[in-house]
Every structure is written in C-alpha cells, then in structure tokens.
Amino acid sequence: MQGIAQIQDDLLKRVGESQDPRAVLKDPEYRGLYSKISSLDPSERGAYGKAVNDLKIVVEAAIEERVSQLEDLTVETIDVTAPWDDNAAQVELLRTEQGTQHPLTKEMEVVIDIFTRMGFAAYESRQIDDDFHMFGSLNFPENHPARDGYDTFRTEEGFIPPAHTSTMQNRILKEGKAKLEAGGQIAGISYGRVFRNEDVDATHEHTFYQCEGVFVSETANLSEMLGTLRSFFEVYYGQKLKIKTQPGYFPFVEPGLEFAIEKPASLGGKPGEWLEMLGCGMIHPNVLRAADIDPTKYRGFAWGGGIERLVMLKYGIEDLRHFESGKLAFLRKFVS
Ligand code: PHE
C-alpha cells in the first residue's frame with residue numbers, strides 16, 4: 001500500500017495550500033483510487049478498499065479543518081497605498097478582533113501616570129497579605145471595633161486578601177526610611193485589587209481597586225496634601241474643581257478626613273452636589289513608629305480611595321457591577 005500513503009501525503013499537501021479545499025475531492029488522483037478497485041484481483045480488494053477508506057477519512061477531516069481555517073481568515077490584507085477610507089472597513093475589523101485593556105486597567109494607568117509625574121514611586125499592592133500589614137502596622141489595636149468596618153475575608157491559615165491598599169504603607173515607609181534620613185522625602189503610591197465581604201449591588205462590590213498615597217518629610221502638612229489631591233483630580237478630570245473635606249475616622253491618620261469634589265457640570269453635576277472621593281489625613285505617629293521612623297522628627301500624610309468611582313464619574317457609568325461582569329457590550333465602549 002506504499003502508493004496509497006504517498007497519494008495521501010500528496011492530497012493533504014494540496015488541501016493545506018488550496019483556497020477551495022473541497023475541490024480536492026474531485027481530483028483525478030483521488031477518484032482514480034476508487035476506479036482502480038474493479039481492476040484488482042478479488043483477493044486484494046478487501047485490504048485495498050479499507051486503505052482507501054482510511055485515506056478518505058483523513059483527507060475529509062483535513063478538508064473540513066482547512067475550510068474553517070479559511071473562514072477565520074476573512075480579514076484581508078490592507079493596501080497601504082490606498083486612500084485611508086478605502087481601508088476603513090478592514091481596519092475596523094482588525095481592531096475589533098484584537099483584545100483590549102479592561103477600562104479599570106487603562107484608567108489605573110492614567111492615575112499612576114499622574115502621580116509618578118508628580119514624583120511618587122508606584123508599588124503594586126499584594127492580593128494576599130497578613131494581619132500585621134492589614135491592621136497591626138496601621139494602629140488598629142487588637143480586637144478594636146474599627147477592624148470590623150473592613151469586612152475582611154480571611155483564609156483558614158489567617159491570611160487576608162487586603163481590604164485596602166493601606167496594607168502597603170508600612171512597606172513603603174520602611175523602604176523609604178534611609179532616603180528620608182539622608183535628607184530626602186518618602187513619596188509613594190500603592191495600587192491594586194482589594195476585597196471586602198460585601199453584598200453586591202450597584203455601588204458595592206466584593207472585589208474592587210484602590211490607589212493610595214504616602215508622603216513623609218520633616219515638614220509635610222495638610223495643605224500640601226490638599227494641593228496634591230486637588231492637582232490630581234483636576235488633571236484627571238481635565239478641569240478646575242471645587243474641593244472640600246469633612247472629618248473622617250481611620251485609625252492610621254490623625255486628623256482623619258474625607259475628601260470630596262463638587263460634581264462638575266460637564267459631568268452632569270448640579271452646584272452643591274458633592275461626591276466623596278477618598279479618605280486621607282496626617283499619618284498617625286504609631287504608623288511611623290511601626291516602620292521605625294521617628295514621629296517627633298518626621299511627619300507625613302496619606303490618602304486612599306477607590307478607582308471605580310473615579311471612572312464611573314468620568315464616563316457616566318451607573319452600575320459598579322459592569323466592571324466585573326465580563327459583558328463585551330460594556331467593555332467595547334472603551335475600545336479606543
Ligand atoms: N484605607 C482607607 C479605606 O480604604 C482609606 C484611607 C487611606 C484613609 C489612607 C486615610 C488614609 O477606607
């Protein structure tokens with residue numbers, strides 16, 4: 001049956017190269033295999049017929065594969081010398097067939113970009129952490145009720161998927177200590193995914209994103225913090241904004257504040273409509289001490305808030321659940 005194996009190879013090669021693979025079934029070489037049966041000695045016909053049948057199964061499978069491969073290749077090459085609108089339909093097709101960044105990833109990059117241009121170093125937060133970084137280093141006493149406010153998940157081993165990016169404060173402070181003591185400053189942001197045991201609705205998710213900032217120097221103060229935050233929000237929304245603060249409680253800052261912006265008219269806001277954007281304040285002396293930084297010599301401020309609400313305001317998104325839904329109709333609105 002040597003001849004048949006060779007014919008099979010030959011046919012498969014032709015199928016692989018053909019733009020019309022089904023036509024190979026009309027090929028004389030293929031049809032000839034069948035017409036040959038009648039010329040064979042009856043004792044050979046059984047084995048021969050089986051070999052031809054096996055070949056048929058292999059070749060037909062290859063044909064179907066090639067047909068679907070050709071169907072996938074409907075994007076034609078672009079004539080780069082043609083006027084742009086000649087290619088517009090093709091470009092559109094190419095573009096929607098590519099994956100794109102998730103809107104939160106994209107906006108997180110915008111946020112990181114703004115802060116790094118102000119001189120902050122960026123640290124990605126961890127997705128699993130420990131009690132010390134979640135609470136202990138942040139001046140939450142053991143068994144303090146403020147711990148309950150974070151609705152933390154916990155693994156059986158006692159690890160914590162962080163409920164805020166403040167888990168990175170102690171690391172940023174420790175890493176910056178030498179630079180601070182050499183006369184410099186600590187300026188870092190941490191960003192990443194955080195988790196809370198929340199009932200999900202239009203404004204609550206169990207999984208969301210935060211960005212946090214930490215700044216320490218000999219003279220850091222609240223007006224520097226407010227200037228930094230105002231600059232950030234004005235760059236992010238591309239316009240002048242009204243800001244205000246009100247007292248807020250977080251064990252790791254003193255005083256602690258909630259920072260709000262007036263919802264801009266261009267984004268559908270009415271005068272006097274305030275949106276709370278983040279928590280902030282002067283870093284508590286115990287938090288500096290936990291990183292071995294002398295609170296009588298140095299002072300700092302910190303802030304932290306959710307990324308989703310920033311993005312929802314920017315694009316008029318009404319339901320937080322869209323982000324984690326995986327719905328393509330939603331995600332495609334952010335293709336650019
Ligand atoms: N970690 C706080 C939260 O998630 C926000 C915050 C960060 C407040 C830094 C003050 C300083 O609620």
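Hydrogens, waters and symmetry mates are skipped; everything else that's a heavy atom, side chains included, is used. For ligands, and for the atoms within them, numbers begin at 1 and follow the listed sequence.
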**Study point:** Worked verdict on Asp131 versus Arg154 for salt bridge (charged side-chain N to carboxylate O under 4.0 Å, His left out)
**Key:** CA-CA 9 Å; Asp131 193 86; Arg154 228 173 245 274; 3.2 Å; yes

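- In terms of protein heavy-atom proximity, atom 7 (C) of ligand 1 is closest to Gly304 N, 3.3 Å.
- At least one side-chain heavy atom of Ile114 sits less than 4.5 Å from a side-chain heavy atom of Arg117.
- At a heavy-atom cutoff of 4.0 Å, ligand 1 is contacted by no atom of Glu258, backbone or side chain.
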Review point. Should Phe323 and Phe208 be marked as a ring-ring contact (aromatic ring centres under 6.0 Å, His included) after you check the CA-CA gap, both sets of side-chain angles, and the distance that decides it?
Key: CA-CA 9 Å; Phe323 289 116; Phe208 56 105; over 10 Å; no

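- Each of the following atoms of ligand 1 lies closer than 4.0 Å to a heavy atom of Gln210: 4 (O).
- Looking at Ala163 against ligand 1, nothing comes within 4.0 Å, counting heavy atoms.
- Of the charged side-chain nitrogens involved, at least one lies within less than 4.0 Å of a carboxylate oxygen, so that Asp10 and Arg14 count as a salt-bridged pair.
- Between Glu212 and ligand 1, no pair of N/O atoms sits closer than 3.5 Å.
- Counting heavy atoms of neighbouring residues, nucleotides and ligands inside a 6.0 Å radius, atom NZ of Lys177 exceeds 12 of them.
- Under 4.0 Å from ligand 1, not a single heavy atom of Phe259 appears.
- The aromatic rings of Phe252 and Phe250 are tilted relative to each other, their planes meeting at an angle between 30° and 60°.
- Put simply, part of Arg196 is less than 4.0 Å from ligand 1, judged by heavy atoms.
- For the pair Arg22 and Glu64, the salt-bridge criterion is met [side-chain N within less than 4.0 Å of a carboxylate O].
- In this structure, Cys280 counts as a contact residue of ligand 1, since one of its heavy atoms falls inside 4.0 Å of the ligand.
- Polar contact with ligand 1: absent for Trp303 (N/O pair, distance under 3.5 Å).
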